[in-house]
A.B. asks: 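Below are the structure tokens for one structure; questions will follow.
Any value given below was found using the heavy atoms of this structure, including those in side chains, with hydrogens, waters and symmetry copies removed. Bear in mind that the values here come from a model prediction, so they are computed numbers and not experimental data.
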Amino acid sequence: MRYLKERKEVMNTAKEIYDAKLVSGTWGNVSVRIENEPLMVITPSGMAYNTLTVEDMILVDLQGQVAEGNWKPSIETPMHTEIYKNRPDVNAVVHVHSLYCTIFAVARQNIPVVIEETAQVIGDEIEVASYAACGSEELALNTARTLGSHRAVLLANHGLVGVGRNVADALKVCTIAEKTAKIVLYAKQLGSVNSLLPAEIAILHESFKHYGQEKK
């Protein structure tokens, strides 16, 4: 079986978003780009996360055609391929329906940068892509357009998409976005939401690139 590492990454992340309650049922999806190939591995459509195996993962080209696999790929395959075609720096996409981010998506309100973690990991407020039906080319285009060079985007009345250098990075974007959305909603109950200033966000985001241990 080709690309076993990438298949395992997609499968494990799908199980992780399910266990973390970032999705329910069979909703949400995960993909990883194949390095130096016009291919990606993506979760199958409509299969329970807790039953997934490595063999269930689907290899798809960037035109959305199945290259290897026994099942239909995720209904959101067009959205994933559109992101990869527009963002050569992105190697993984995680799409979740987490509660607090979806509240913002339904309200069609951006998630502001109110904590340092959001500034560090995401780098700017999370904007809302215009509504389009799930699985449609229109949704794929709206998502990629609004995402632009950012790290996350809300899908109106739908959920959240996070992107990253790898699947762990994309998942971190989703978890920080959900935490931020929850904090903002609670802060509103106290009466005010105070966002970080653009200059403060820029400093935090840049410094975070050097956070942790340096490789020797």
A.B. asks: Which value, rounded to the nearest 0.5 Å, describes the distance between L62 atom CG and T77 atom OG1?
C.D. replies: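 Those atoms lie 11.0 Å apart.
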
A.B. asks: Got a salt bridge between K182 and E178, using NZ or NE/NH1/NH2 to carboxylate O under 4.0 Å?
C.D. replies: no

A.B. asks: Give a yes or no on whether the backbone of H205 and the side-chain of Q120 come within a donor-acceptor separation of less than 3.5 Å.
C.D. replies: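 Judged by distance alone, no pair lies under 3.5 Å.
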
A.B. asks: Could you list the residues that satisfy salt bridge (charged side-chain N to carboxylate O under 4.0 Å, His left out) with E117, not counting sequence neighbours?
C.D. replies: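 Salt bridge (charged side-chain N to carboxylate O under 4.0 Å, His left out) list for E117, sorted by chain: K179.
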
A.B. asks: State, with a plain yes or no, whether a side-chain heavy atom of M11 is found less than 4.5 Å away from one of V41.
C.D. replies: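 Counting from C-beta outward, M11 and V41 never come under 4.5 Å.
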
A.B. asks: So D56 and N70, do their side chains get closer than 4.5 Å, heavy atoms only?
C.D. replies: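 Side-chain contact under 4.5 Å: no.
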
A.B. asks: Donor-acceptor check, side chain of S207 to backbone of I203, threshold 3.5 angstrom: yes or no?
C.D. replies: yes

A.B. asks: Would you confirm whether N110, through its side chain, and P112, through its main-chain N or O, come within 3.5 Å as a donor-acceptor pair?
C.D. replies: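 Checking the backbone N and O of P112 against the side chain of N110, no donor-acceptor pair under 3.5 Å is found.
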
A.B. asks: So, does Y49 use its side chain to make a donor-acceptor pair with the main chain of W27 at under 3.5 Å?
C.D. replies: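 Here the side-chain-to-backbone pair exists.
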
A.B. asks: For R151, which of D169, D89, D124 qualifies under salt bridge (charged side-chain N to carboxylate O under 4.0 Å, His left out)?
C.D. replies: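 Filter result, single survivor: D169.
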
A.B. asks: Quick check: does any side chain N or O of N142 sit under 3.5 Å from a backbone N or O of S130, one acting as donor and the other as acceptor?
C.D. replies: yes

A.B. asks: Do L99 and V94 land in one hydrophobic cluster if side-chain heavy atoms of ILVMFWY residues count as linked below 4.5 Å?
C.D. replies: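 Yes.
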
A.B. asks: Would you kindly confirm whether V113 and F104 end up in one hydrophobic cluster when ILVMFWY residues are joined by side chain heavy atoms under 4.5 Å apart?
C.D. replies: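 Not linked; separate clusters.
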
A.B. asks: Which heavy atom of I126 sits nearest a heavy atom of A177, and at what distance?
C.D. replies: CD1-CB, 3.6 Å

A.B. asks: From S149 OG over to R87 CZ, what is the distance, rounded to the nearest 0.5 angstrom?
C.D. replies: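 Output value for this atom pair is 6.0 Å.
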
A.B. asks: Can you name the salt bridge (charged side-chain N to carboxylate O under 4.0 Å, His left out) partners of K188, sequence neighbours left out?
C.D. replies: none

A.B. asks: If every non-hydrogen atom of V96 is compared with every non-hydrogen atom of V23, which pair is closest and at what distance?
C.D. replies: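 That would be CA-CG1, 3.9 Å.
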
A.B. asks: Side chains of H97 and S24, heavy atoms from C-beta outward: is any pair under 4.5 Å?
C.D. replies: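 The answer is no, as the side chains (C-beta and beyond) never meet within the 4.5 Å cut-off.
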
A.B. asks: Count the heavy atoms of every other residue, nucleotide or ligand shown that sit under 6.0 Å from CD of E137, and state whether that count exceeds 12.
C.D. replies: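 Result for CD/E137: open.
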
A.B. asks: Before giving the answer on side chain to side chain contact (heavy atoms under 4.5 Å, CB included), spell out for V54 and L4 the whole-Å C-alpha distance, their side-chain angles and the decisive distance to 0.1 Å.
C.D. replies: CA-CA 8 Å; V54 172; L4 183 60; 3.4 Å; yes

A.B. asks: Of the non-hydrogen atoms in A152 and V173, which two are nearest, and what is the gap between them?
C.D. replies: CB-CG1, 3.7 Å

A.B. asks: Are the side chain of R33 and the backbone N or O of Y84 linked by a donor-acceptor pair below 3.5 Å?
C.D. replies: yes

A.B. asks: Does a side chain donor of either N12 or E16 reach within less than 3.5 Å of an acceptor in the other side chain?
C.D. replies: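 No, because no side-chain N or O of N12 sits under 3.5 Å from a partner of the opposite role on E16.
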
A.B. asks: Side chains of H95 and H158: any donor to acceptor distance under 3.5 Å?
C.D. replies: yes

A.B. asks: Determine the minimum heavy-atom distance between C174 and L160, stating which atoms define it.
C.D. replies: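 So the minimum-distance heavy-atom pair works out to CA-CD2, 3.8 Å.
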
A.B. asks: Between the main-chain N or O of L52 and the side-chain N or O of K15, is there a donor-acceptor pair closer than 3.5 Å?
C.D. replies: yes

A.B. asks: Taking atom types as modelled, find out whether S31 and H80 have a side-chain donor-acceptor pair closer than 3.5 angstrom.
C.D. replies: yes

A.B. asks: Flag the pair I183 / I115 as yes when at least one side-chain heavy-atom distance between them is below 4.5 Å, and no otherwise.
C.D. replies: yes

A.B. asks: Specify the closest pair of heavy atoms between M57 and P44, including all atoms of both residues, with the distance to one decimal.
C.D. replies: CE-CD, 3.9 Å

A.B. asks: Go through the steps to decide whether L196 and L204 satisfy the test side chain to side chain contact (heavy atoms under 4.5 Å, CB included), and finish with yes or no.
C.D. replies: CA-CA 10 Å; L196 292 169; L204 287 163; 3.9 Å; yes

A.B. asks: Using distance alone, with no hydrogens and no angle criterion, decide if E138 and S136 have a side-chain donor and acceptor under 3.5 Å apart.
C.D. replies: no

A.B. asks: So, E127 and R108, do they make that salt bridge, N to O below 4.0 Å?
C.D. replies: no

A.B. asks: With rounding to the nearest 0.5 angstrom, report the CG to CD distance, N166 to E9.
C.D. replies: 7.5 Å

A.B. asks: Does either side chain, that of T43 or that of S74, offer a donor lying less than 3.5 Å from an acceptor on the other one?
C.D. replies: no

A.B. asks: Working to the nearest 0.5 Å, report the span between CD1 of I176 and CD1 of I111.
C.D. replies: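 Answer for the CD1-CD1 pair, I176 versus I111, is 12.0 Å.
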
A.B. asks: Decide side chain to side chain contact (heavy atoms under 4.5 Å, CB included) for V32 and I34; before the verdict, give the C-alpha distance in whole Å, the side-chain angles of both, and the deciding distance to 0.1 Å.
C.D. replies: CA-CA 7 Å; V32 168; I34 302 299; 5.6 Å; no

A.B. asks: Decide whether Y3 and I42 are clustered together by the hydrophobic rule: side chain heavy atoms of Ile, Leu, Val, Met, Phe, Trp, Tyr closer than 4.5 Å, transitively.
C.D. replies: yes

A.B. asks: At their closest point, which heavy atom of R7 faces which heavy atom of L59, and how far apart are they?
C.D. replies: NH2-CB, 4.2 Å

A.B. asks: Any non-hydrogen side-chain atom of L155 less than 4.5 Å from a side-chain atom of V161?
C.D. replies: yes

A.B. asks: When you look at I103 and L185, which way does the side chain to side chain contact (heavy atoms under 4.5 Å, CB included) test go after all the steps?
C.D. replies: CA-CA 9 Å; I103 291 170; L185 284 171; 4.0 Å; yes

A.B. asks: If hydrophobic clusters are built from ILVMFWY residues whose side chains come within less than 4.5 Å, do L154 and V193 share one?
C.D. replies: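 Shared cluster, yes.
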
A.B. asks: Distance-only, no hydrogens or angles: does the T13 side chain make a donor-acceptor pair with backbone N or O of V10 under 3.5 Å?
C.D. replies: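 Not a single qualifying donor-acceptor pair exists.
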
A.B. asks: If you count heavy atoms of other groups shown closer than 6.0 angstrom to NZ of K8, is the number above 12?
C.D. replies: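 Incorrect, the count does not exceed 12.
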
A.B. asks: Do any N or O atoms from the side chain of R145 and from the backbone of A140 form a donor-acceptor pair under 3.5 angstrom?
C.D. replies: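 Looks like no, no N/O pair under 3.5 Å.
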
